[in-house]
Amino acid sequence: MSKVATALQSASETKALIIGQDKLKQTFQLFKEQFPDAKAIIVADAITFELAGKSLVKQFESNSIDQEPAYIYTDPEIYAAYEYVEELVAALKQHQAIPVAVGSGTINDLTKLAAHLTNRPYLCVATAASMDGYTAFGASITANGAKQTFNCPAPQACLADIDILSAAPTEMTASGYADLFAKITAGADWILADALNVEPIDPTAWSIVQDGLHEALSDPSGTKKGDVKAVSQLTEGLMLGGFAMQWSKSSRPASGAEHQFSHLWNMEHHLNNGEHVSHGFQVSIGTLAITALYDLALKTDFENLDIDKALKQWPTLEELKAQSLNIFKDTDFPEIGWQETNAKYNNHQQLEKQLQTLKGNWNTIKARLQQQIVPFKEAKIRLATVGAPTEPEHIGITREKLKETFVRAQYIRRRFTILDLAVRTGYLNQWLDQLFGKDGIWEIKEK
């Protein structure tokens, strides 16, 4: 049995997945099997409607599937924002048709949440291997100025025609490759959380994401060229990430500190030359940043960690409250730092126990991390090969801003990551000085 078929058995929401060449023509059969006698409504944007939506309307007509008129987003600046969800919800409330989302990240997330809010399942037809959200539990939507994950089911069925995905714009495929590459650092963060008794690894979710991960990332050159095998492997890897999130009802299997960089930049309304940066391209820089931090952590002798020194620099809960409220005081999300750091706070006694665990087991932890992490230089080469950004400036982030993100990102999520390890051991500033100081990877030149 294939990895996808095995993972599909563990999925709680997605009942069918078709991946392969020349598969778009099977959409009507998939719809009829999953939603017998139901009416359909194609949901697309102007580009994806021309690409596949229009042919699906005809395909459904000729195979006796009743349809509501297609819902086409015409705004060329459309992104995953709550106002677009509300638009679709208003349209869906007029009938009981099953939405067929035709598109990639934005269309899928908007349809996923709108379908949930109108109490119906949906079918997804992927048009680019650009992210792992197709089969994921939850939709990542910007609401009230902040990127949030709304709890809602994954699609009941999903179809990915590799011919369409291979012909997608190269930057979309590069974005998907970067999002899949992020599972390497996300896995390392989970190893840390598991080793320090914060959050145990779920063996099923881990296996779904990690077992074929390095193989799926093995051909960045072929992926960029639209090679069928490489794009198929990438697509499978992205779908598997979604299945793991379905299984665990959490993004932990597929998301770590590298995603916190992306989430923070979205919350800060970061644009590059006035345009939104794709999730995968943000995560590409986040992944390289966190990989660089792991490279330094793996060179650190935690066997000889000065625990008393680490405890002296650790704030009390009141001090943490003041810090976390101060760091975001001029934003439109002033409470999040306190809310999230309070949720993962350890008092000095608990922290001492955690650091003793780190110190006493460092050789074992280090060996697990070394097996997981792709070193920075190699990671950078692979991401550059596929066409993903490899310098912060490529997405409009200055080096000063990147350095600041290492500090701020730890505050916005309660998930335990390498950033928390860096703060708790007292190494964060030293590591940042190595990365951004003289001869560092991102040396900040004095002006």
Checklist line | Residues Lys403, Asp433; criterion side-chain contact (heavy atoms from CB on, under 4.5 Å); working and verdict | finding: CA-CA 9 Å; Lys403 184 178 181 181; Asp433 286 344; 4.2 Å; yes

Notebook entry, point to check: After noting the C-alpha distance and the side-chain angles of Arg368 and Asp194, does the key distance pass the salt bridge (Lys or Arg N to Asp or Glu O under 4.0 Å) rule?
Noted result: CA-CA 11 Å; Arg368 288 173 72 189; Asp194 178 70; 3.2 Å; yes

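- In terms of heavy-atom proximity, His394 sits nearest to Pro389 at CB-CB, 3.5 Å.
- For the pair Lys359 and Phe302, the cation does not sit on the ring face, since its NZ or CZ is not both under 6.0 Å from the ring centre and inside 45° of the axis.
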Next item on the list: Start with the C-alpha distance between Phe243 and Tyr134, add both sets of side-chain angles, then the distance that settles ring-ring contact (aromatic ring centres under 6.0 Å, His included), and finish with yes or no.
Entry: CA-CA 9 Å; Phe243 285 147; Tyr134 287 119; over 10 Å; no

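- Lys366 and Asn363 are not linked by any side-chain donor-acceptor pair at a separation below 3.5 angstrom, with hydrogens and angles left out of the test.
- Side-chain contact of Tyr84 with Asp45: a donor-acceptor pair under 3.5 Å is absent, judged by distance alone.
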Margin query: The test is ring-ring contact (aromatic ring centres under 6.0 Å, His included); show your working for Trp338 and Tyr345 and say whether it passes.
Written below: CA-CA 10 Å; Trp338 168 235; Tyr345 182 74; 8.3 Å; no

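- Among Phe261, Trp431, Tyr411, the single residue meeting the ring pair (Phe, Tyr, Trp, His ring centres under 6.0 Å) criterion with Phe406 is Phe261.
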Note to self: Using the rule given for salt bridge (Lys or Arg N to Asp or Glu O under 4.0 Å), can you reason through Lys183 versus Asp132, listing the C-alpha separation, both sets of side-chain angles and the distance that settles it, and then say yes or no?
What the structure shows: CA-CA 10 Å; Lys183 308 321 172 226; Asp132 64 4; 2.6 Å; yes

Notebook entry, point to check: Thr357 and Asn361: side-chain hydrogen bond (donor to acceptor under 3.5 Å, both in side chains), yes or no, with the steps?
Noted result: CA-CA 6 Å; Thr357 301; Asn361 298 282; 5.1 Å; no

Next item on the list: Might you work through the side-chain hydrogen bond (donor to acceptor under 3.5 Å, both in side chains) test for Asn266 and His279, ending with a clear yes or no?
Entry: CA-CA 9 Å; Asn266 284 329; His279 170 71; 5.3 Å; no

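- Ring pair Phe150/Tyr82: centre-to-centre distance below 6.0 Å.
- Ala254 and His259 get closest at one heavy-atom pair: O-CE1, 3.7 Å.
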Item checked: Test log, rule salt bridge (Lys or Arg N to Asp or Glu O under 4.0 Å), inputs Arg399 and Glu404 -> CA-CA 9 Å; Arg399 293 180 179 206; Glu404 193 181 89; over 6 Å; no

